[in-house]
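Step one of this worksheet: look at the structure below.
Counting starts at 1 for both ligands and their atoms, in listed order. Throughout, residue positions are numbered sequentially from 1 according to the sequence presented.
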Amino acid sequence: MGKVLIIGCGGVASVAIQKCCQNSEVFEEICIASRTVSKCDALKEQLEGKTKTKITTAQVDADNVDELIALIEKVKPDLVLNLALPYQDLTIMDACLATKVHYVDTANYEPEDTAKFEYKWQWAYRERFEKAGITALLGSGFDPGVTSVFSAYALKHYFDEINYIDILDCNGGDHGYPFATNFNPEINIREVAANGSYWEDGHWVETKPMEIKRVYDFPQVGEKDMYLLHHEEIESLALNIPGIKRIRFFMTFGQSYLTHLKCLENVGMTSIEPIMYEGKEIVPLQFLKAVLPDPASLGPRTVGKTNIGCIFVGKKDGKEKKLYIYNVCDHQECYKEVGSQAVSYTTGVPAMIGAMMILNGTWNKAGVYNIEEFDPDPFMEELNKWGLPWIIDENPTLID
Ligand code: NDP
């Protein structure tokens, strides 16, 4: 059916690429392009002979729009799947606009020198994408991504009005290290070290990092401590779910993770302010990333399950209604299938599905859209087929 240029070849990309190769009817051809081309070549070698998808590789610096344009013109893809870092979103969108090629990503743009992620920069491209007749699908991972599709699905099939959404991201996995992050350490630590916030009655309420804690008994995982964080899908869901009064996002963290993080913060290791070290400028957080375990290496040692989903409260036929939609994913099952732990898996699978929705024309409108703005039904169906089946509970325990 089509050809996709995939940018990035890290933890999430490796899963998405393997899923594209399992789905060769749609992904007839892929080009894997990243900063370090040897990683792309290694993955190509591992997959060739086991898939009908034709694979090529390329080196690209995705911070450089001209390089990206030249690569897109050479590869001539139908779509670019951005699985590099949030810093590259705008340069890749610029290159897609210049070449009139569809764009899909999993995380919203974040300037490298400010730990603040918002959609305003990417939403500013709406008119230009519309005029160019191409689609930008924003946030096709798990959260954002599947959680946003769950919200659209709940609204379409179960509610007249959703008033409260709690997004719960639980990782019950254990990798055996005292401290490691499940995806890119720099992005992960920037996210959890920042102030928290939630949406209530039409405005943001800001909290201190880890200020709000709850305990929840997660199906198939058990009881976990979870903390309120700011998360990007809150911003778009607040606009796209009519009647919404409050949206919160909680993520589970173990005590060991939090104690290490506090200590690293206290000594300045999580700072993104450059410092001089032996005559060279370094960013403490980037140095920390270099000494932490590579998230890609956690696969073989992580056991346990993730449970990510949303609890909705709203109204149906004048009566109050509650609903929980969630997915449970087993780290070791993911490792057996694609050689990665569940955090990369739960992001890589929806990235492939989002790309498929645009490529096969199931989702077809020009402009820049968050994922909940499309019909959720075909995406929900594909989740069941591609390894992320979901469960509906119509009587969940609510969070106070
Ligand atoms: P990794 O660090 O494992 O991979 C990032 C990849 O991008 C690497 O291959 C890296 O290349 C490449 N890259 C970085 N900078 C450039 C550049 N300038 N030019 C070309 N390639 C570049 O990250 P993850 O796979 O963990 O995360 C990928 C994305 O997924 C991130 O944006 C992250 O925020 C997002 N994510 C989304 C989630 C969701 O649920 N929505 C959940 C988890 C992650 P190199 O090998 O040379 O370093």
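Considering backbone and side-chain N/O of A13, none are found under 3.5 Å from N/O of ligand 1. An N or O contact shorter than 3.5 Å is missing between A107 and ligand 1 by distance. Inclusion of F142 in the set of residues having an N or O under 3.5 Å from an N or O of ligand 1 is warranted. The distance criterion of under 3.5 Å between nitrogen or oxygen atoms is met by C9 with respect to ligand 1. At under 3.5 Å, not a single nitrogen or oxygen of K289, backbone or side chain, sits near a nitrogen or oxygen of ligand 1.
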*List the steps and the verdict of side-chain contact (heavy atoms from CB on, under 4.5 Å) for W123 and L239.*
CA-CA 12 Å; W123 286 344; L239 293 177; 3.6 Å; yes

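Judged purely by distance below 3.5 Å, without hydrogens or angles, the side chains of E186 and Y87 pair a donor atom with an acceptor atom. Of the N and O atoms on the side chains of K19 and Y345, at least one donor lies less than 3.5 Å from an acceptor on the other residue. Judged purely by distance below 3.5 Å, without hydrogens or angles, the side chains of K289 and Q286 never pair a donor atom with an acceptor atom.
Contact between P295 and ligand 1 is absent, with no heavy atom of the residue lying under 4.0 Å from the ligand. For S34, the closest heavy-atom approach to ligand 1 falls below 4.0 Å.
For K365 and Y369, the positive end sits near the middle of the six-membered ring, less than 6.0 Å away and at most 45° from its axis.
Scanning all protein heavy atoms for the shortest distance to atom 4 (O) of ligand 1 gives G10 CA, 3.3 Å. Atom 36 (N) of ligand 1 has as its closest protein heavy atom T106 OG1, 3.8 Å. For atom 29 (C) of ligand 1, the closest non-hydrogen atom on the protein side is A84 O, 3.2 Å. In terms of protein heavy-atom proximity, atom 27 (O) of ligand 1 is nearest to V12 CG2, 3.7 Å. The single protein non-hydrogen atom nearest to atom 5 (C) of ligand 1 is L85 CD2, 3.8 Å, given as residue, atom name and distance. Of all protein heavy atoms, the one closest to atom 2 (O) of ligand 1 is N184 ND2, 2.7 Å. When hydrogens are left out, the protein atom nearest atom 17 (C) of ligand 1 is A62 N, 3.6 Å; that is the closest non-hydrogen contact. For atom 43 (C) of ligand 1, the nearest protein heavy atom (residue, atom name, distance) is T347 OG1, 3.5 Å.
For the side chain to side chain donor-acceptor pair (under 3.5 Å) with S197, the lone residue among H230, H231, E206 that qualifies is H230.
Atom NZ of K316 has more than 12 heavy atoms from other residues, nucleotides or ligands within 6.0 Å.
Remark: side-chain polar atoms of E223 are not paired, donor with acceptor, to backbone N or O of F218 under 3.5 angstrom.
Looking at D375 and K156, a side-chain N of the basic residue comes within less than 4.0 Å of a carboxylate O on the acidic one, giving a salt bridge. Remark: R248 engages D166 in a salt bridge, criterion side-chain N to carboxylate O under 4.0 Å. Using a 4.0 Å cut-off between charged nitrogen and carboxylate oxygen, D225 and K213 count as a salt-bridge pair. Using a cutoff of 4.0 Å between basic side-chain nitrogens and carboxylate oxygens, K322 and E394 are not scored as salt-bridged.
Those atoms of ligand 1 that come under 4.0 Å of a heavy atom in G11, given as number and element, are 3 (O), 25 (O). Within the listing of ligand 1, atoms 41 (N) sit less than 4.0 angstrom from a heavy atom of P144. Below 4.0 Å from some heavy atom of V60 lie the following atoms of ligand 1, by number and element: 19 (N), 20 (C).
Of the heavy atoms in I187, only side-chain atoms (C-beta onward) come closer than 4.0 Å to ligand 1. Under 4.0 angstrom from ligand 1, the non-hydrogen atoms of L83 all belong to its backbone.
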